[in-house]
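Report on one structure; see the data block that follows.
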Amino acid sequence: MQLVIVESPAKAKTIEKYLGRDYRVLASYGHIRDLPPKDGSVDPDNGFAMEWETYGDKAKQLKAIADEAKKADRLILATDPDREGEAISWHVQEVLKKRKALPKDVERVTFNAITKAAVTDAMAKPRQLDEDLIDAYRARRALDYLVGFTLSPVLWRKLPGAKSAGRVQSVALRLIVDREREIETFRAQEYWSIFADLEQDGTQFQARLVRWKGDKIDRLTIGKAGDAEAAKAAVESGRFTVASVETKPLTRNPPPPFTTSTLQQEAARKLGFSASHTMRVAQNLYEDGAITYMRTDGVQMDGSAISAARAAIAHRYDGSYVPDKPRQYQTKAKNAQEAHEAIRPTDFGRDHAGSGDHARLYELIWKRALASQMASARLERTTVELEDGTGQTALRATGQVVLFPGYLALYEEGRDDADDEESRRLPRLAEGDAPLKKAVHAEQHFTQPPPRFSEASLVKRLEELGIGRPSTYASILQVLKDREYVRVDKNRFIPEESGRLLTAFLERFFERYVSYDFTAGLEEELDDVSGGRAQWQAVLDAFWRDFKPKTAQVMEQKPSDITAALDEFLAPFLFPPKEDGSDPRLCPNCGQGRLGLRGGRFGAFVACSNYPECKYTRRFAQGGGEEGANDNGDTLLGEDPVTGAEVVRKTGRFGPYVQLGDGKDAKRASIPKDIPELDLDWALRLLNLPREIGPHPETGLPITASIGRYGPYLAHDGKYARLGSTAEVFETGMNAAVAKLADAAKGGGRPQRGAAREPLRMLGAHPRTEAEIKLMEGRFGPYVTDGTTNATLPKTLAPEALTLEEAAQLLDARAAAGPAKKKGRGSAKKAPAKKAAAKKRG
């Protein structure tokens with residue numbers, strides 16, 4: 001019997017159909033072991049030796065694999081064809097070796113697609129495990145562990161509110177923060193465009209001013225309204241005739257088939273998918289045998305696939321759509337490995353697969369791959385110059401015509417910054433023609449700051465810089481969101497205050513390790529390990545030799561010194577120069593103190609030097625762009641109609657809030673993120689919480705609605721029910737409230753002892769067991785559960801920052817530790833007996 005090991009049950013089921021009765025296919029359910037999340041798992045003083053720990057939830061599956069391996073004549077490790085797949089195979093081999101269940105004949109096979117032909121062909125060409133890839137895996141895993149477990153304690157001690165940092169994660173965050181700083185320091189420049197509406201033979205078109213007073217003008221030449229009006233008058237008074245018509249042929253070649261990063265970018269643009277969702281759907285399509293392996297930076301396709309694509313094109317279109325020679329592509333991405341094919345369909349005759357998001361993503365992959373082998377599009381670009389009689393003023397019109405669509409008949413690549421000026425249609429024009437001038441316009445514009453990163457543009461930038469690997473981008477972006485270092489608004493990343501502060505801290509004290517060049521250079525070194533050109537321990541040693549003393553040096557600094565250094569480093573962003581020339585650090589409240597950065601229990605904030613006598617404080621980050629970069633004070637919303645006291649919106653170190661009145665008797669309420677727009681009405685509603693809905697029809701006790709630490713909720717007689725939004729706090733009526741409380745009593749009122757509780761958050765499926773993980777509020781604090789195992793959150797880990805992978809690791813570690821020992825078990829059993837005896841005596 002031959003035993004085949006793959007990662008997922010779906011993959012195992014598909015492959016077992018292709019192999020004969022002599023084969024048994026089992027799944028490892030992903031990685032089977034990892035470095036335990038504790039100090040000492042990597043020992044730099046002992047050649048970076050690693051202490052691996054088997055996931056507790058994998059014990060049953062590993063036993064099944066070991067039992068089958070003892071009976072097998074041959075072990076075939078058929079995990080994914082990349083570094084992580086090689087690592088999983090290596091871990092399986094090492095565990096079986098320790099259990100003395102490893103067959104004598106152990107081989108490795110890889111295939112780029114789960115089809116019968118690919119699988120059977122791979123089985124005929126086995127190899128040994130790739131030690132270079134395994135070393136590269138160990139180097140990356142050790143490096144990420146050492147950075148995380150060395151740097152995170154520094155953050156916890158020196159930067160309150162910070163959660164963690166990562167080798168690539170922190171650099172990606174820096175890109176987002178740097179872009180936000182550009183936006184905040186950007187100063188808009190006014191400019192005007194002058195254009196005329198013209199008509200020739202019944203066809204209207206536009207021409208813009210390109211020469212005025214005999215001088216060429218560019219986009220920013222006309223910067224004032226007076227000049228714009230003068231230029232407009234010159235165009236209105238001139239009689240324009242066609243001075244030249246220039247026609248140039250234009251060829252557009254198709255883009256190459258998808259790599260991991262280009263798939264993530266295009267799926268974000270055209271389908272609105274996040275990077276993580278794209279990879280989940282692509283994984284399903286791969287395991288179903290619909291597409292080739294989806295973690296790749298290669299743009300080439302196998303020769304047989306190219307032939308199949310050309311045949312499919314010829315079948316769907318006429319012969320002119322098939323180029324004379326097959327197209328060959330080379331990647332332009334930095335540090336690309338090109339170890340695998342591009343992402344393509346396994347069958348070009350299949351134009352759809354699955355349903356819903358699976359069908360949409362498959363169609364995108366199919367169209368892109370097929371288009372990559374189609375003929376180029378042929379276009380004609382026309383530029384028309386029109387001059388007035390003096391030659392001092394000239395207009396220009398441009399447009400293009402598609403002569404032959406080629407690949408554009410099937411697919412056109414999305415763009416983040418589309419400009420359709422050149423795609424406009426023009427009428428047929430010849431020298432000497434005098435088109436009818438219908439109107440002249442002068443439009444005011446302002447230069448715009450660089451746009452915030454979308455998932456697509458951030459992935460593209462990371463790849464351009466050579467930072468990270470395509471297979472890691474989805475998880476990196478997800479961690480930034482899960483830790484609330486960034487938020488996503490209109491599909492754009494906006495750094496949160498915590499993310500900006502963390503980036504500033506790392507730039508000031510660990511500048512080398514968040515620099516783009518250093519991170520890209522380290523990626524090259526790790527790729528050298530993969531290629532057998534570098535020794536993994538030497539790479540780690542060179543990094544560790546500089547990194548460890550640096551962390552020790554920062555750890556010795558006083559918190560006040562840290563804050564002072566950050567205040568100096570961030571001064572240009574915290575206190576930008578004012579247009580009137582006044583001191584940007586002068587306190588707007590007392591007019592005497594100076595503003596400066598202060599450290600607090602929950603992070604940094606700006607306060608007056610006369611604090612606490614002067615109560616002025618504001619958040620560390622002021623926001624940029626349309627959010628207002630200089631919001632330095634409180635906002636008066638109006639007066640309370642009952643008391644006449646002022647209602648003011650304020651910003652404290654814990655975020656925005658509203659306040660009614662002043663002094664000790666002032667009422668305050670935090671401002672939830674999901675209210676549409678704060679006004680006096682909303683502020684008064686928040687200040688008057690809790691809201692009494694009325695007496696419960698059964699108990700007569702009041703039902704109230706309010707907002708607590710974990711969000712909006714209903715309360716009645718010590719029992720609670722969660723609400724879905726802030727609006728429900730004010731809209732829920734008696735019938736709905738009674739029904740929600742009843743449902744919560746059945747399925748989980750929060751403080752109700754003995755009943756199932758309502759989850760604080762649904763974190764998602766466990767990446768290894770696929771069990772649903774929930775974050776719960778328990779008697780002794782928050783904990784996570786997968787329905788079988790419960791794990792309490794460490795005090796250092798904030799519930800709102802918990803990620804799916806962290807929760808999974810906590811559950812794995814708890815399961816591996818075995819059942820908790822119960823104290824006083826004997827006395828507990830005796831208690832009922834003693835009680836019964838006493839009752840009998842009495």
Decide whether a cation-pi geometry holds between Arg174 and Tyr516; the criteria are a distance under 6.0 Å from NZ or CZ to the six-membered ring centre and an angle within 45° of the ring axis. yes
Can Arg140 and Asp144 be said to form a salt bridge (Lys or Arg N to Asp or Glu O under 4.0 Å), step by step? CA-CA 6 Å; Arg140 287 176 182 274; Asp144 291 339; over 6 Å; no
Reference residue Ile467; test side chain to side chain contact (heavy atoms under 4.5 Å, CB included); the match among Leu462, Asp517, Leu522, Thr472: Leu462
Do Asp302 and Arg344 sit within salt-bridge range, that is, some charged N less than 4.0 Å from a carboxylate O? no
Roughly how far apart are Ser457 OG and Arg179 CZ, rounded to 0.5 Å? 7.0 Å
How long is the straight-line distance from OH of Tyr286 back to OG1 of Thr14, given to the nearest 0.5 Å? 10.0 Å
Report the C-alpha distance between Lys71 and Glu68 in whole Å, list the side-chain angles of each, state the deciding distance to 0.1 Å, and finish with yes or no for salt bridge (Lys or Arg N to Asp or Glu O under 4.0 Å). CA-CA 5 Å; Lys71 299 183 288 184; Glu68 291 293 330; 3.5 Å; yes
Spacing of Thr398 atom OG1 and Leu426 atom CG [to the nearest 0.5 Å]: 7.0 Å
Using side-chain hydrogen bond (donor to acceptor under 3.5 Å, both in side chains), reason through Gln478 and Ser276 one step at a time and then give a plain yes or no. CA-CA 7 Å; Gln478 192 60 47; Ser276 56; 3.3 Å; yes
Hey, are the side chains of Met301 and Pro257 touching, using non-hydrogen atoms and a 4.5 Å cut-off? yes
Can you give me every donor-acceptor pair (side chain of residues 123-134, partner residue at least two apart or in another chain, under 3.5 Å) with its distance?
residue, atom, partner, partner atom, Å
Arg127, NH1, Glu86, OE2, 3.0
Arg127, NH2, Glu86, OE1, 3.1
Asp130, OD1, Asp132, N, 3.0
Asp130, OD1, Leu133, N, 3.2

Does the structure place the NZ or CZ of Arg33 under 6.0 Å from the centre of the six-membered ring of Trp90, at an angle of no more than 45° from the ring's axis? yes
For the pair Arg452 and Asp489, evaluate salt bridge (Lys or Arg N to Asp or Glu O under 4.0 Å) and give the outcome as yes or no after the intermediate values. CA-CA 10 Å; Arg452 292 186 173 108; Asp489 182 35; over 6 Å; no
Between Glu464 and Arg461, is there a salt bridge with N-O shorter than 4.0 Å? yes
Taking atom NZ of Lys116 as the centre, does the number of heavy atoms from other residues, nucleotides or ligands within less than 6.0 Å exceed 12? no
Between Phe404 and Tyr321, does the ring centre distance come in under 6.0 Å? yes
Charged N-O contact under 4.0 Å between Glu94 and Lys97: yes
Of all heavy-atom pairs between Leu370 and Ala309, which one has the smallest distance, and what is that distance? CD1-O, 3.5 Å
Close side-chain approach of Arg74 to Glu107, heavy-atom, < 4.5 Å: yes
Spacing of Thr262 atom OG1 and Lys460 atom NZ [to the nearest 0.5 Å]: 11.0 Å
Is NZ or CZ of Arg83 both nearer than 6.0 Å to the six-membered ring centre of Tyr137 and within 45° of the ring axis? no
Could you check whether any side-chain heavy atom of Glu455 comes within less than 4.5 Å of a side-chain heavy atom of Gln264, counting everything from C-beta outward? no
Mind checking side-chain hydrogen bond (donor to acceptor under 3.5 Å, both in side chains) for Ser170 and listing every partner two or more places apart, or none if nothing turns up? none
Partners of Phe258 by ring pair (Phe, Tyr, Trp, His ring centres under 6.0 Å), sequence neighbours excluded? none
Contact check, side chains of Ile306 and Gln328, non-hydrogen atoms, under 4.5 Å: yes
Drop me the distance from Gln400's CD to Thr383's OG1, to the nearest 0.5 angstrom. 10.5 Å
Any chance the rings of His766 and Tyr29 have centres within less than 6.0 Å? no
At what distance, to the nearest 0.5 angstrom, does CD1 of Ile291 lie from CG of Asn284? 9.5 Å
Asn491 CG: over 12 foreign heavy atoms closer than 6.0 Å: no
Does the Lys NZ or Arg CZ of Lys270 fall within the cation-pi geometry relative to Tyr411 - under 6.0 Å from the ring centre and within 45° of the axis? yes
